[in-house]
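Below: the structure, in structure tokens.
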Amino acid sequence: AMSSLLAHIKIVDGQEQKFEELSKELYKQSHSKEDCIIRYEYYRGRERNSYYTLLVYPTYLDFLLPGIMAFMLMNLSIAGSGFNVVEFRRRGILKRLFVTPIKPIDFVSAIVVARMVIVLGQLSIIFSFAFFFLNVNIVGSISHLFFVIMLSVLMFLTLGFSIGSLAKTQESVGVIASIFIYPQIVMSGVFFPIETLPEFIQPFSEILPLSIVADAMRSISSDGLSLLALYKNMIGISIWIVIGTFVSTKLFVWKEVAG
């Protein structure tokens with residue numbers, strides 16, 4: 001079964017020609033290099049500065065897989081970091097670590113590395129199943145895709161530590177994690193394009209962690225883009241890693257977190 005995606009795009013005044021030139025080049029490159037796209041086209045709408053873009057994939061899974069993997073790695077990473085901090089507090093492990101010379105950054109780094117190995121292993125199994133048994137088409141480089149996955153896992157692990165350091169109980173960490181995760185399901189373009197959201201929400205949606213990751217993974221797997229072409233996404237992921245690391249280390253005060 002084929003999958004079709006129709007996006008409604010509104011262009012800023014004076015940028016119509018630039019958009020059409022970019023769309024023509026994208027149209028040409030898509031049909032010449034991307035085997036997984038059956039149909040790609042754009043056309044003007046009736047409204048002023050309005051365009052419609054149509055993408056047709058062989059299966060809906062080709063479009064959905066990158067977003068689903070991005071969503072899964074976010075859930076696995078936050079569950080493996082934020083919930084662990086609260087559980088370590090409940091079991092008294094943090095109190096024991098408090099009397100040792102270990103620093104918060106060392107503790108956070110150790111768990112980040114351990115959880116990254118586990119999450120990468122789980123995602124590799126899921127990706128292999130989709131690739132070999134469900135015949136998912138991957139246009140871009142698999143190594144580039146996994147590089148983005150590694151950076152994304154690191155980003156969500158640091159953000160998860162921020163949540164775990166802020167929460168005091170298992171119930172509260174669940175609530176805070178839900179506030180962080182569930183709005184991104186709707187606003188990050190995992191299941192449908194960000195362009196379908198109200199215009200005043202779109203700028204905020206584009207800078208969400210899950211939006212950046214899902215867009216990067218889909219651009220590699222479906223559009224065949226390289227890491228160099230995704231430099232904005234790489235910068236965005238790096239910024240969120242710095243934010244997550246800074247916040248988690250500042251919130252992770254032994255006396256407060258262990259208490």
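Hydrogens, waters and symmetry mates are skipped; everything else that's a heavy atom, side chains included, is used. A quick note: this is a predicted structure, and the numbers were derived from the prediction, not measured.
Proximity of Val153 to Met150: side-chain heavy atoms (C-beta onward) are nowhere separated by under 4.5 Å. For the pair Leu227 and Val148, the minimum side-chain heavy-atom distance is below 4.5 Å.
The minimum heavy-atom distance between Met234 and Leu151, with the atom names listed, is SD-CD1, 4.0 Å. For the pair Ser188 and Ser211, the tightest heavy-atom approach, listed with the atom from each and the gap, is CA-OG, 2.9 Å. Pairing each heavy atom of Ala216 with each of Asn233, the nearest pair is N-ND2, 3.6 Å. Counting all heavy atoms, side chain and backbone alike, Ile220 lies closest to Ser141 at CG2-O, 3.5 Å. Closest non-hydrogen pair, Ala177 versus Ile78, comes out as CB-CG2, 4.3 Å. Closest heavy-atom contact between Pro183 and Ser178: CD-O, 3.6 Å.
Residue pairs meeting the ring pair (Phe, Tyr, Trp, His ring centres under 6.0 Å) criterion with at least one partner in residues 139-159, sequence neighbours excluded, are Phe127-Phe146.
Partners of Ala229 under the side-chain contact (heavy atoms from CB on, under 4.5 Å) rule, at least two apart in sequence or in another chain, are Leu225, Ser226.
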May I have the step-by-step check of side-chain contact (heavy atoms from CB on, under 4.5 Å) for Ile163 and Val173, ending in yes or no? CA-CA 7 Å; Ile163 295 173; Val173 72; 3.9 Å; yes

Test side-chain contact (heavy atoms from CB on, under 4.5 Å) on Met217 and Leu73 and set out the steps. CA-CA 12 Å; Met217 293 179 63; Leu73 70 87; 4.2 Å; yes

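We find the CD1-CG distance between Ile241 and Leu154 to be 4.0 Å, quoted to the nearest 0.5 Å.
Cluster partners of Val175, by chain and number: Ile179. The rule joins Ile, Leu, Val, Met, Phe, Trp and Tyr whenever side-chain heavy atoms lie under 4.5 Å apart.
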